[in-house]
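Notes follow once the structure below has been shown.
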Amino acid sequence: FATAVDEGHLALHPASGLHAPRLPRRLPAVLTPEEAATLLRGLHGGAPLIRRDRAMFELLYSCGLRTREVLDLRLQDVDLARGEVRVKGKGRKERVVPFGKPAGRAVAEYLAEARAELLRGLPPEAREGQDRVFVSRNGAALSPSDVRRRLLAAVHRSGMATKLSPHTLRHSCATHLLEGGADLRSIQEFLGHSSLSTTQIYTHVSATHLREAYRRAHPRA
């Protein structure tokens, strides 16, 4: 048909008025609050890497951060006294995000004891200039693949039989906020979404949980 149109045999392509089918939007996978607690409880111990991972995953879940956002955190971005972090999101837009007491304790313990141990892998001159909050076992910057790998190890350590990515913790945070009564505008600002329509997907996730609870609990479901 395209050739026929190009050569003048057809005035209009027969398919010009057709539109591709609209695919259903996939709902993000989320953990239950109990599963999130199980995952984080599994990160117990005093080893520097375990302390780092516990602090990192507590922040990812508590603040709903993207992987790149948590990796870009600098020491001056963390305010333990106020319980908040200054985050640089997409487009380098900054926002201030609060975190809960468990995340605060985990980050404080990591910064006070474990981070210095990890920095021993760097030469002294490089050690002074390393201001990233989360560093590798050699004191260098972490990559997103490092975070995914360590999360899989944490899942295995906790005994959970589920597969998840760091973004699952972000989705879980947003869903649990909504189910706990937070409004969509607040969640939009919390997550750093530029559009409210992006945040609205969590209403569908929450509704799914509500339907499942209804079917389990209501005598005439």
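This structure is a prediction, so every number in the text was calculated from the model and none was measured.
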**Prompt:** Got a donor-acceptor contact below 3.5 angstrom from the R52 side chain to the L111 backbone?
**Reply:** no

**Request:** Using atom types as modelled and distance alone, determine if a side-chain donor or acceptor of R157 lies under 3.5 Å from a backbone N or O of G42.
**Result:** yes

**Asked** Shortest non-hydrogen contact from P33 to Y61?
**Response** CA-OH, 4.4 Å

**Donor-acceptor contact below 3.5 Å, side chain T175 vs main chain S172** = no

**Message:** Less than 4.5 Å apart, side chain to side chain, heavy atoms only: is that true for E94 and V87?
**Reply:** no

**Asked** side chain to side chain contact (heavy atoms under 4.5 Å, CB included) between R51 and L43: does it pass, once the steps are laid out?
**Response** CA-CA 8 Å; R51 287 176 180 264; L43 291 166; over 6 Å; no

**Asked** Can you name the closest pair of heavy atoms from L119 and R127 and give their distance?
**Response** O-NE, 3.2 Å

**Asked** Any chance CZ of R82 has more than 12 other-residue heavy atoms, nucleotides or ligands included, within less than 6.0 Å?
**Response** no

**Request:** Kindly indicate whether the side chain of V96, heavy atoms from C-beta on, has any atom under 4.5 Å from the side chain of V85.
**Result:** no

**Item:** SB check E69 K88 (cutoff 4.0 Å)
**Value:** no

**Asked** With no hydrogens and no angle check, is any side-chain donor or acceptor of Y110 less than 3.5 Å from a backbone partner on D53?
**Response** no

**Asked** Within a radius of less than 6.0 Å around CZ of R137, do more than 12 heavy atoms belonging to other residues, nucleotides or ligands occur?
**Response** no

**Complete:** Scanning both residues in full, the closest heavy-atom pair of F190 with G64 reads CE2-N, 4.1 Å

**Item:** Any donor-acceptor N/O pair, R54 side chain to A106 backbone, under 3.5 Å
**Value:** no

**Asked** Taking D79 for the side chain and A81 for the main chain, is one N or O donor matched with an acceptor at less than 3.5 Å?
**Response** yes

**Asked** Can you find a pair of side-chain heavy atoms, one from Q130 and one from R74, that are under 4.5 Å apart?
**Response** no

**Residue pair E84 / V97, side-chain heavy-atom distance below 4.5 Å** = no

**Prompt:** Going by heavy atoms in the side chains, are L49 and R150 under 4.5 Å from each other?
**Reply:** yes

**Prompt:** Does E189 come within less than 4.0 Å of R95, counting only side-chain N to carboxylate O?
**Reply:** no

**Request:** Evaluate the side-chain proximity of H167 to R66: yes if any heavy-atom separation is below 4.5 Å, no if none is.
**Result:** yes

**Asked** Where the side chain of R132 meets the backbone of L71, is there a donor-acceptor pair that is under 3.5 Å apart?
**Response** yes

**Request:** Side-chain contact test, heavy atoms from C-beta onward, threshold under 4.5 Å: evaluate it for L65 versus R170 and give yes or no.
**Result:** no

**Student check: side-chain heavy atoms of V107 and L59 closer than 4.5 Å** = yes

**Message:** Before you tell me yes or no, could you show the steps for L151 and T168 under side chain to side chain contact (heavy atoms under 4.5 Å, CB included), namely the whole-Å CA-CA distance, both residues' side-chain angles and the distance that decides it to 0.1 Å?
**Reply:** CA-CA 11 Å; L151 182 58; T168 306; over 6 Å; no

**Asked** For the side chain of S62 and the backbone of G100, is there at least one donor-acceptor N/O pair under 3.5 Å apart?
**Response** yes

**Asked** Run the side chain to side chain contact (heavy atoms under 4.5 Å, CB included) check on L75 and V133 step by step: do they pass?
**Response** CA-CA 5 Å; L75 294 174; V133 173; 4.3 Å; yes

